[in-house]
Amino acid sequence: MTKALNLQFVKNENRSLILYALAREGDLSRKELAAKLGLTPAAVTKICASLIETGFIREVGEADAAGKTGRREILLTLGNKDKICFGVNAEKDAVTLSLCTLDGRLVNKKRLPFINDVDEVLRQGVQFLDENAGLKDRIVGTGVCVIGSPDEDDFGIWKEKHLRQKFSDAFDLPVVIENNVKAFAESELIFGSAKSSGSVLFLKWGPGIGSAIVANGRVFSGNDSSATEIGHYIVNPAGRRCRCGRFGCLETEAGEDSILAELGTKLPLDEILKNCDNNTVNIIDHKINLVALALTNTATILNTEHIVLFGSMFNNSFVADKLIRQCIRYNTNLSEDMMEVSLLNGSVDYIGTAGVCAKKFFFESEA
């Protein structure tokens with residue numbers, strides 16, 4: 001690496017450190033940033049001047065200098081409230097188009113039935129952007145979240161090559177594409193409670209089952225850039241064939257779609273649990289036990305500090321409470337304080353796209 005490239009790399013790293021510190025700690029002065037990050041005041045001042053010029057941060061007042069003499073310190077705050085991302089979130093049953101500020105606040109969204117034709121998704125996306133044309137100047141990029149691998153030649157649920165380029169060409173915006181569980185983990189690190197935790201295990205339980213691992217404030221990618229696959233732990237060797245090609249995977253045995261098929265109904269699980277018989281309770285208890293075993297074993301191997309639950313199965317407190325109790329029963333080192341349903345669970349259909357956009361186009365964008 002040449003000296004010029006190395007200096008630019010260090011500058012970009014320090015720029016990200018400043019932005020993440022403001023996200024984690026709240027408003028800080030230049031002096032406080034320098035002390036917390038181990039940077040020189042001169043370096044912080046120079047980087048902050050550039051960030052203010054581009055609207056990434058702004059000055060918001062003076063720090064309380066009670067009992068101190070001398071010049072009062074000016075506080076700095078993030079400018080992510082003013083910047084917007086366009087999101088496309090693809091699940092098994094729906095595609096959600098959204099506009100969200102980079103601090104995680106929803107501006108507008110449109111939920112569509114799942115569309116297998118990518119060209120139609122692009123058409124719908126262009127139409128949605130046209131309907132919100134007044135916000136165009138504030139949009140910094142597009143976040144696309146998909147089930148499965150975000151690799152270039154195998155974009156999960158669509159199995160479409162060159163998808164990033166197609167989205168970029170259609171919307172005339174830079175694009176980042178990510179696995180939906182990993183994207184939710186990124187959003188928790190930026191907007192949620194996980195930003196203060198060291199080691200976090202995420203479990204998504206809905207129509208499918210997925211997971212992600214956070215270590216030292218970073219989402220673990222794995223060898224193939226995908227999130228860890230707890231949903232493909234084999235829990236019943238005699239079970240049905242999974243979409244991954246194996247038999248009896250946790251997702252196939254305990255996913256919400258599997259539960260509803262076993263119950264012989266298409267009603268939402270919330271409705272079923274309001275008035276269910278003993279047979280239904282026994283079936284759901286069995287599924288909870290399968291998930292608890294896989295989750296406890298994974299948490300034990302990772303020695304995780306925090307477990308975050310999200311997905312449609314956790315819209316019902318009955319399922320969440322039972323799963324947490326069962327995990328603690330299997331591993332007494334776990335506690336209720338270590339396990340929680342994410343406060344972002346009601347935002348699953350758009351918050352991941354906001355998280356990956358915030359990371360790519362705000363916190364870690366190049367100067």
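Keep in mind that what you see is a predicted model, and the values were worked out from it rather than measured. Each residue takes its place number in the sequence, starting with 1.
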Quick check: does any side chain N or O of [X] sit under 3.5 Å from a backbone N or O of [Y], one acting as donor and the other as acceptor?
X: Thr300; Y: Thr296; answer: yes
X: Ser347; Y: Ile351; answer: no
X: Thr304; Y: Ser199; answer: yes
X: Lys287; Y: Gly255; answer: no
X: Asn132; Y: Phe128; answer: yes
X: Ser187; Y: Phe184; answer: yes
X: Arg138; Y: Asp82; answer: yes
X: Asn289; Y: Asp285; answer: no
X: Ser98; Y: Cys100; answer: no
X: Arg15; Y: Ser365; answer: yes

Looking only at heavy atoms, which two atoms of [X] and [Y] are closest? And how far apart?
X: Cys357; Y: Gly143; result: SG-N, 3.2 Å
X: Ala21; Y: Leu37; result: CB-CD2, 4.2 Å
X: Ile272; Y: Leu267; result: CD1-O, 3.7 Å
X: Gln326; Y: Ala292; result: CG-CB, 3.6 Å

Salt-bridged, Glu73 to Lys31, with N to O below 4.0 Å?
no
Does Lys204 come within less than 4.0 Å of Glu251, counting only side-chain N to carboxylate O?
no
Report yes or no: do [X] and [Y] belong to one cluster of Ile/Leu/Val/Met/Phe/Trp/Tyr joined by side chain heavy-atom distances under 4.5 Å?
X: Phe114; Y: Ile177; answer: yes
X: Val214; Y: Ile301; answer: no
X: Leu106; Y: Ile190; answer: yes
X: Phe247; Y: Leu290; answer: no
X: Leu295; Y: Ile328; answer: yes

Polar contact flag, side-chain donor to acceptor under 3.5 angstrom, Ser335-Asp337:
no
Would you say the side chains of Asn108 and Tyr350 form a donor-acceptor pair under 3.5 Å?
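No.
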Kindly indicate whether the side chain of [X], heavy atoms from C-beta on, has any atom under 4.5 Å from the side chain of [Y].
X: Asp257; Y: Lys92; answer: yes
X: Trp158; Y: Val144; answer: yes
X: Arg243; Y: Ile147; answer: yes
X: Glu25; Y: Glu32; answer: no
X: Gln127; Y: Lys110; answer: yes
X: Arg241; Y: Thr252; answer: no
X: Thr101; Y: Lys81; answer: no

Looking at Asn345, Leu201, Ile324, which one forms a side-chain contact (heavy atoms from CB on, under 4.5 Å) with Leu309?
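Of Asn345, Leu201, Ile324, side-chain contact (heavy atoms from CB on, under 4.5 Å) with Leu309 is met by Ile324 alone.
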Which of these, Thr280, Val281, Asn282, sits in a side-chain contact (heavy atoms from CB on, under 4.5 Å) with Ile284?
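Output: one option passes, namely Thr280.
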Between Tyr20 and Phe363, how do the two ring planes meet: parallel, tilted or perpendicular, split at 30° and 60°?
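It falls in the parallel class, under 30°.
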Look at the aromatic rings of Phe314 and Trp205 and report parallel, tilted or perpendicular, splitting at 30° and 60°.
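It falls in the perpendicular class, over 60°.
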Within the supplied structure, the quantity of interest is the number of heavy atoms (other residues, nucleotides, ligands) at a distance under 6.0 Å from Glu336 CD; does it exceed 12?
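Incorrect, the count does not exceed 12.
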Who passes ring pair (Phe, Tyr, Trp, His ring centres under 6.0 Å) against Phe171, sequence neighbours left out?
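With sequence neighbours excluded, Phe171 shows a ring pair (Phe, Tyr, Trp, His ring centres under 6.0 Å) to Phe86, Phe167, given in chain and number order.
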Sequence neighbours left out, what passes side-chain hydrogen bond (donor to acceptor under 3.5 Å, both in side chains) with Asn278? Give chain and number order.
none
